[in-house]
Amino acid sequence: MSDFQPSIIVHGGAGPVKDDSLAARLDGCKVAALAGYEILRLGGSALDAAEAAVVALEDNPLFNAGTGSTLNSLGQVEMDAAIMAADGLRAGAVAALKAIKNPIKLARRVLDDGRHVLLAGEGASLFARSIDFPECDPASLIVASEKQRWDSKHGTVGCVAFDRHGQLAAATSTGGIFNKLPGRVGDSPLIGCGTYANKFGAVSCTGYGEAIMRVVMARDAVQLLQDGLDPNEAAAMALENLVELTASTAGLILIDAHGRIGFGRNTTHMPVCYVAENGVAQVAS
Ligand code: GLY
């Protein structure tokens with residue numbers, strides 16, 4: 001085991017949060033960050049930690065990913081997810097996925113398989129079946145509150161992790177945007193847009209995908225790290241670039257090659273939790 005100090009940050013989506021759910025969302029972020037940090041503490045990989053943290057967020061119905069995903073214009077769940085390791089620029093992603101409880105786990109299987117980076121819709125389902133990956137009843141992903149409200153449930157969830165070996169990884173998962181057309185794919189599963197990791201840094205974005213993908217925001221933020229900005233400066237500058245070019249809103253979390261954490265948003269809220277050198281989980285919104 002090498003002597004890098006692990007660090008991890010998760011987000012629960014950028015956008016307005018009603019006060020009565022903010023504490024629960026922060027708590028959900030904390031549970032996820034600590035699940036990932038435990039893997040890092042024991043010497044596990046950033047990739048495994050990022051996947052585990054995002055699984056915890058997907059399983060929490062408060063967040064717009066996995067169970068609790070927002071509904072499209074047909075009242076169906078269609079989810080996107082991506083995971084990327086800086087080491088070897090290995091990436092796996094799934095899009096417009098309907099019957100998988102944890103899309104990030106299937107994205108990881110795409111990464112491990114190695115033939116492709118992104119599988120969508122029926123092709124992703126066929127891949128899942130070919131590897132005996134369990135499918136679920138799509139109705140089990142729809143929570144009662146979501147069905148009642150058909151409201152604009154903002155968000156996306158994500159994690160960025162830095163392990164004891166100095167490796168970085170990023171993972172993002174989402175139900176997308178409310179009332180989207182069937183087949184719409186957002187920024188989250190697009191490498192460089194909502195998710196990116198290389199030797200300079202790793203990033204997960206949240207916000208309006210149609211804007212984030214136009215500016216290739218995650219790659220932009222990593223380039224800013226490469227240019228010498230610290231992670232919080234890079235987050236702020238990436239948001240400035242997004243606003244200048246699209247006048248849109250978003251948030252992002254990132255870790256640089258030294259394991260330093262940063263985050264930023266231009267929305268009213270973005271629940272985050274991070275754990276760094278002292279092992280203590282810190283939350284912010
Ligand atoms: N950022 C998530 C989406 O637009 O789908």
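Note that ligands are numbered from 1 as they come in the structure, with each ligand's atoms numbered from 1 the same way. Keep in mind that what you see is a predicted model, and the values were worked out from it rather than measured.
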Within a 6.0 Å radius of atom CZ on R214, are there more than 12 heavy atoms belonging to other residues, nucleotides or ligands?
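Atom CZ in R214 is not crowded, with 12 or fewer foreign heavy atoms closer than 6.0 Å.
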Can you confirm whether more than 12 heavy atoms, excluding those of K30, are under 6.0 Å from its NZ atom?
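Check fails, neighbour count at 12 or below.
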Write out the residue and atom name of the closest protein heavy atom to atom 3 (C) of ligand 1, then the distance separating them to 0.1 Å.
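The answer is D187 OD1, 3.3 Å.
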Apply side chain to side chain donor-acceptor pair (under 3.5 Å) to T195 and list each qualifying residue two or more places apart in sequence or on a separate chain.
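In terms of side chain to side chain donor-acceptor pair (under 3.5 Å), with neighbours along the sequence ignored, T195 is linked to T172.
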Can you tell which part of R184 has a heavy atom less than 4.0 Å from ligand 1: side chain, backbone, both or neither?
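Contact part for R184 vs ligand 1: side chain (C-beta onward).
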Please say whether I177 places an N or O atom under 3.5 Å from an N or O atom belonging to ligand 1.
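No, no N or O pair falls under 3.5 Å.
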Which of the atoms of ligand 1 are close to [X], meaning less than 4.0 Å from one of its heavy atoms?
X	result
T156	1 (N), 2 (C)
G207	1 (N), 2 (C), 3 (C), 4 (O)
G186	5 (O)

Can you name the side chain to side chain contact (heavy atoms under 4.5 Å, CB included) partners of E38, sequence neighbours left out?
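Applying side chain to side chain contact (heavy atoms under 4.5 Å, CB included) to E38 gives R41, L42.
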Assess the pair F127 and F133: is the distance between their ring centroids shorter than 6.0 Å?
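No, the ring of F127 stays outside the 6.0 Å limit from the ring of F133, centre to centre.
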